Each structure stands twice: as C-alpha cells, then as structure tokens.
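Here's the structure we're looking at; comments come further down.
Read the numbers this way: they start at 1 and go in the same order the structure lists the ligands and their atoms. Everything numeric in this text was worked out from a predicted model, so none of it was measured.
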Amino acid sequence: MKFYVLTLFPDMILRGLNTSILGRAAEKKIISIDAVNIRDYTADRHGKADDYPYGGGAGMLIQAQPVYDAHKAVTGGRKLRTIYVTPQGVPFTQKIAQELSRLEELVFLCGHYEGIDQRVLEEVATDYISIGDYVLTGGELPAMVMIDAISRLVPGVLHNDSSSESESFFNDLLEYPQYSRPRVWHGREVPAVLLLGDHKKIAEWRRERSEELTKSRRPDLYKEYIRKEELIRWLSREKREKIHMIESLRRGKAEILYADRGNVLLYDRTSRLCMISAQNAETGERLLEKVPKDASLFVTSQDFLNEPICNRFSCEIFHECIQVCYPQKQALPVKYKDIRLLGEEFIPYVRERYHMGDSEYVAERIRAGAMYGAFCDEKPVGFIGIHNDGSLGMLFVEETHRRKGLGISLESYAINRICEKGWTPYGHVVTGNETSLGLQERLGLYPSSGTIWWLGKKD
Ligand code: ADE
C-alpha cells in the first residue's frame with residue numbers, strides 16, 4: 001500500500017515512521033511512505049506557502065496553489081482518496097482503519113499553523129478525519145497515527161499471516177489482560193485458568209475479563225456491545241435465514257443502522273452492502289429512508305423490498321439465493337493435502353478464472369488473506385475464497401482436476417479456517433443450482449428454507 005503525505009514537515013513524517021514494524025514493512029516493500037513537501041510546489045518567488053487569513057485572526061494559512069499543485073503531482077490527475085486531517089473531521093476508528101487498509105494508494109493532507117485555504121480542500125479532500133477532541137499544532141502526528149493503525153492491517157505487515165479480518169473478533173470489547181513469565185511476581189500470581197491449557201476455558205475467561213473491563217472503562221462501547229448481542233440473539237431465532245446478518249455482526253463487519261425486532265437494517269461500510277429485513281412493506285419503506293447514500297449492494301430477506309429498492313436506488317436483482325451454513329464446530333477432513341493461502345503472485349491466475357465483480361476484487365481478496373489455492377506439482381489447480389461480505393465462494397477447479405473431490409477438499413479447508421476463528425461458515429447458492437446445493441449438503445451445511453435476494457446498481 002502506498003501512502004503519500006502532503007506536509008510542510010516531511011522529515012517529521014519520515015523519521016516517525018521508518019523504525020520498527022513499519023520500517024521493516026517499508027524495506028520489504030509491503031508499504032511505502034512518500035512525504036511530499038508542499039513548499040516545493042509554491043509559485044512564490046521567496047518559497048512562501050502560507051499567508052494571513054482574510055477577515056483577520058491569529059496565525060497563518062497554507063495557501064491553495066501549492067497544495068493543489070503538490071496534490072496534482074502525486075495523483076497525476078487520478079481520483080485518489082485524500083484525507084484532510086483536522087480536528088473538525090469525523091473521529092478515526094478501527095472500522096475506518098480497516099476500510100482504508102484495503103486501498104492501494106492513500107493521500108494525507110496535513111495542515112499546520114491555522115489550517116489550509118478552504119477552496120483547495122473542496123477540490124482535493126475526499127474525507128475529513130480527526131484523531132480526537134483536542135487540538136495539536138499540526139496534522140503530521142495525526143497522519144502518522146492513522147498510517148500506523150492502517151498499515152498494521154495490511155496483509156504481511158504483522159508476522160501472523162492470518163487476515164486482519166480476524167481481528168474483529170474482539171472488536172467491540174477492550175482486550176483482556178495478558179501475563180508472561182514469571183508465574184509469581186511481587187507476590188501476584190498469573191490467573192490459574194491460563195496455566196491449564198484448556199482453550200475453551202481460556203477463551204471464556206478472556207471474554208469475561210473483556211466484558212468487565214469494557215463495562216467499567218468504556219460504558220459507551222459496552223452499551224453498543226450489549227445492543228449487538230441482543231440483536232444477534234433475536235436473529236438467531238431464524239439462524240439459517242439470517243446467518244448473513246448474524247455473521248456480519250459477529251465479525252465486526254456491519255453496523256446496526258436500525259433494529260427493532262423484525263425490522264433490521266445493517267450496513268457493511270467496507271463492501272457498501274446493506275442487509276435489510278422488514279416485517280411488512282410499510283416498515284420496509286421506512287428502513288429504506290435510512291440507507292446510506294454510498295450503498296451499492298443490497299441483500300433483502302423479503303420479496304416485497306425488491307421493487308422499492310430497484311426504483312429508489314436504480315438497482316436490479318442480481319440473484320435469488322438460499323443460504324447454507326455449517327453450525328458444527330468440528331473440523332472437516334481434507335483429503336487433498338497441498339492447499340494453502342494464496343499470495344499476491346497468484347492475482348493474475350485467479351483473475352483469469354474468476355470473472356464476477358471488477359478485476360480489483362480478486363486482488364483485494366487475495367491481499368486480505370481470504371483466498372486459498374490447491375496445488376499440484378507446485379502449480380495451482382483450483383481455488384476458493386471468502387467474499388468481502390464474509391460468505392464462502394469463488395470456488396474453481398481446473399478442468400483436468402475435476403470429479404476427484406478437489407472442490408470438496410477446498411471447501412472443507414476454507415470451512416476449517418473460518419471455524420478456527422470462532423465464526424460460523426456460510427455461503428449462498430443460487431436458487432435452482434441443485435449441483436452446488438448437493439455439494440453443500442454433503443459437506444454438512446444446512447440450507448435455509450427462505451430465500452434472500454442480491455440487488456445492485458445497474459451498470
Ligand atoms: N490537527 C490538529 N489537531 C488534530 C486532531 N486532533 N486530529 C486531526 N488533525 C489535527
């Protein structure tokens with residue numbers, strides 16, 4: 001991932017970010033940080049990039065011209081996400097970091113002194129983000145904070161090769177306390193449960209501590225957590241029909257925009273996906289009023305929602321599907337032995353064979369650590385992936401390797417990886433595709449009795 005930082009103090013950015021984990025990630029070329037001096041682009045003969053604000057007031061403003069030209073030099077006229085870091089922005093969160101970490105390039109614009117001429121912000125900034133309700137002397141430290149939080153979510157930056165998506169497991173709660181050797185220090189013992197090797201008990205203990213800690217230190221987060229748990233419990237009354245909503249909430253992918261028993265509106269900001277379930281057409285209409293402007297995909301649980309969505313958001317129905325889910329916890333046997341996580345070098349291979357969505361989609365899924373490949377003599381012969389909404393899919397097996405159970409092995413392998421994260425694997429089967437449904441049922445996935453519909457913007 002490439003970061004460009006437009007600033008009057010490029011050294012501050014480079015010195016702050018070239019050590020430790022981010023320094024190593026830059027050496028390995030997983031990330032790059034280009035600090036661009038706005039002053040280098042001023043048209044002023046004396047190298048000045050700032051001036052007094054019209055209307056008076058303390059301090060100086062960075063002028064529009066050098067910022068505009070520096071931005072143009074970096075983007076070359078392309079439309080890149082450009083974050084203006086400012087205390088007037090929306091608060092930076094882990095969710096925003098996750099969304100931004102999926103981009104290939106990202107521009108930060110740092111003000112200093114009193115800020116930047118409004119007119120150039122209106123032309124180049126796509127987002128206004130703050131790191132907290134306090135005022136710093138400039139945007140450099142906030143840009144560094146955000147780059148750090150975003151970079152560690154880029155696959156390959158941290159040592160574990162599992163996807164950053166697994167982090168959302170503890171997303172809504174503060175992390176539990178941790179202990180290392182010695183077992184007794186200053187007369188304080190490590191909690192006994194951590195020494196016995198019972199992973200289920202350890203997980204329970206950690207969740208309880210997380211809940212306690214969140215309740216006492218962050219009652220705001222705790223309230224949201226309880227609301228979400230209650231909704232998951234409610235949705236679980238129809239688990240197979242609502243598994244897409246349940247898992248999006250559990251994995252920290254979706255936020256609740258509305259939830260009142262049978263009327264639920266969830267939004268997954270990363271994939272710009274709205275999930276809607278309504279009791280009747282009238283309550284459905286009210287939910288549609290709350291749909292975010294940038295939503296581009298919809299999953300509905302009732303037929304009567306489809307026509308209003310098509311009319312209101314210029315959409316069409318892509319598929320009617322049933323959902324299948326694997327509620328068991330035990331791992332499935334995987335006969336085919338050489339299946340592994342796919343690296344970036346396989347982007348062209350998968351792209352040539354998987355054609356749904358735009359071509360960037362495959363690259364994004366591979367970078368997110370969400371695709372697995374089967375290999376024969378070191379050559380790929382099939383793959384499977386986890387879609388950005390969390391469902392299983394993208395199954396492909398080379399003609400030469402079909403009818404040998406490789407599809408079953410690939411899907412079993414992916415199911416096992418999902419179970420390891422404490423999630424419930426699920427997928428979508430287009431209504432009428434009996435072959436796929438048969439495969440799912442053989443693997444132990446249960447079908448829903450109801451249908452869901454996928455809708456999206458017309459091209
Ligand atoms: N610039 C100055 N203070 C800031 C803050 N709190 N967040 C983002 N940018 C800033």
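- Ring planes of Y349 and F396: perpendicular class, angle over 60° (limits at 30 and 60°).
- Side-chain contact between L153 and Q94 is present, with at least one heavy-atom pair separated by less than 4.5 Å.
- Side-chain atoms of H387 and Y361 include a donor-acceptor pair closer than 3.5 Å.
- Of the charged side-chain nitrogens involved, at least one lies within less than 4.0 Å of a carboxylate oxygen, so that R227 and E224 count as a salt-bridged pair.
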Show the distances, to 0.1 Å, for all pairs joining an N/O atom of ligand 1 and a protein N/O atom that are shorter than 3.5 Å, listing one pair per line.
from	atom 1	to	atom 2	distance (Å)
ligand 1	3 (N)	L136	N	3.0
ligand 1	6 (N)	G132	O	3.2
ligand 1	6 (N)	Y134	O	2.8
ligand 1	7 (N)	I131	N	3.0
ligand 1	9 (N)	T86	N	3.2

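- Remark: K228 NZ to L266 CG distance equals 10.0 Å, nearest 0.5 Å.
- Ring geometry for Y426 versus H428: interplanar angle over 60°, hence perpendicular rather than tilted (30 to 60°).
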